[in-house]
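Please read the structure below before turning to the comments.
We number each residue from 1, following the sequence as shown. Quick caveat: nothing in here was measured; it's all calculated off a predicted structure.
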Amino acid sequence: MALYRATPKLINRIMTGRIPARAFVVGPPTNNLGVVNGEIVGCVTPGSPSVTNHIDGLKFRDQIDPSTGSFTMPTGMGADTESSPNAFTGAQPRVRCEIQSHLIHESGIGGLAPAPIFMNRYFEADFPTGVYAGWLNYLVQNGWFASAGALTNASVPAAVNIDLVAQTQRSRNDA
């Protein structure tokens, strides 16, 4: 599966508040399988009990460095380590960004992205199997995301498989 990275266009929309985004930190794994409070780190959403810290709004936008295309959690809120191990899926990021993708308004995309997109702190997303291919192609063709290569591509910063799962009703109802 290919890894996609947010383009300066999407990062600009996040920084100006036109597309709501927030970041959160997942607690350290409680076992060597990368499981926290019964959940695999890569499956944790903002409503999960495993979330230890989060930032949103202006505070989040202040942490974005557009020159590097990444964000940093404020001191004291960030994870001690970039990722957590998982015996089945590999490394899982502990600091994650959620964007409300249904608010990307352009002709042709309405209604195709009802759930949030989760990315690591380098604004990289590994879209799960089952995501509508036409929607992904539209996002790439219209400059929202760029294909960053395979998950094993060493030239991609922090190219970890973030093991996104099909979105659940819980994640669609996040405030």
Side-chain angles (χ1 to χ4, degrees), residues 3-30 34-86 89-105 113-128 139 143-146 148 156-175:
L3 187 72
Y4 293 85
R5 187 166 190 192
T7 62
K9 175 181 177 178
L10 178 53
I11 293 171
N12 177 273
R13 299 302 197 288
I14 292 170
M15 291 183 69
T16 57
R18 288 182 276 177
I19 297 177
R22 59 185 170 176
F24 58 99
V25 179
V26 180
T30 53
V35 176
V36 184
N37 292 335
E39 294 180 288
I40 296 173
V41 172
C43 301
V44 173
T45 62
S48 298
S50 305
V51 173
T52 58
N53 279 306
H54 72 278
I55 57 171
D56 54 11
L58 293 173
K59 192 179 213 182
F60 174 62
R61 295 191 297 261
D62 288 344
Q63 301 304 120
I64 298 172
D65 181 350
S67 66
T68 62
S70 65
F71 70 90
T72 306
M73 293 296 276
T75 304
M77 290 183 70
D80 293 335
T81 58
E82 188 79 22
S83 60
S84 294
N86 184 287
T89 59
Q92 302 290 302
R94 290 191 52 207
V95 178
R96 301 175 73 194
C97 170
E98 173 202 34
I99 64 166
Q100 297 297 317
S101 55
H102 67 282
L103 295 175
I104 297 176
H105 293 294
I117 295 173
F118 294 102
M119 299 178 282
N120 64 20
R121 73 181 203 85
Y122 297 95
F123 293 106
E124 296 166 339
D126 173 16
F127 292 99
L139 292 176
W144 296 100
F145 279 91
V156 178
V160 295
N161 181 351
I162 59 177
D163 191 42
L164 298 180
V165 295
Q167 299 302 311
T168 64
Q169 185 65 35
R170 179 185 70 195
S171 61
R172 279 191 214 122
N173 289 336
D174 286 337

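- The two residues V36 and P29 make their nearest non-hydrogen contact at CG2-CA, 3.5 Å.
- To the nearest 0.5 Å, atoms CZ (R22) and CD1 (I99) are separated by 12.5 Å.
- Heavy-atom minimum distance, A6 versus F145: N-CD2, 3.6 Å.
- For the pair P49 and E39, the tightest heavy-atom approach, listed with the atom from each and the gap, is CD-OE1, 3.5 Å.
- With sequence neighbours left out, T52 forms a side-chain hydrogen bond (donor to acceptor under 3.5 Å, both in side chains) with no residue at all.
- Note: M77 CE to Q63 CD = 9.0 Å, rounded to the nearest 0.5 Å.
- T7 is linked by a side chain to side chain contact (heavy atoms under 4.5 Å, CB included) to K9, L10, A146, counting only residues two or more places apart in sequence or in another chain.
- Annotation: side-chain hydrogen bond (donor to acceptor under 3.5 Å, both in side chains) contacts of N12 (sequence neighbours excluded): R18.
- Nearest heavy atoms, V25 versus V95: CG2-CG2, 4.2 Å.
- For the residue pair A21 and C97, the shortest heavy atom distance occurs at CB-SG, 4.4 Å.
- Side-chain contact between M73 and R121 is absent, with no heavy atoms from C-beta onward closer than 4.5 Å.
- Looking at heavy atoms from C-beta onward, W144 lies in side-chain contact with I19 at the 4.5 angstrom threshold.
- The closest side-chain heavy-atom distance from P8 to I11 is not below 4.5 Å.
- For the salt bridge (charged side-chain N to carboxylate O under 4.0 Å, His left out) test, no residue two or more places apart in sequence or in another chain qualifies with R94.
- When all heavy atoms of N53 and G76 are compared, the closest pair comes out as ND2-O, 4.2 Å.
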Pair R96, V44 - check side chain to side chain contact (heavy atoms under 4.5 Å, CB included), show working. CA-CA 9 Å; R96 301 175 73 194; V44 173; 4.2 Å; yes

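- For residues 37-63, the ring pair (Phe, Tyr, Trp, His ring centres under 6.0 Å) pairs, not counting sequence neighbours, are F60-F71.
- When side chains are defined from C-beta on, S84 does not count as touching V26, because their heavy atoms never get closer than 4.5 Å.
- Residues meeting the side chain to side chain contact (heavy atoms under 4.5 Å, CB included) test with T68, sequence neighbours left out: D65, S70.
- With rounding to the nearest 0.5 angstrom, the CE atom of M15 is 9.0 Å from the CZ atom of R61.
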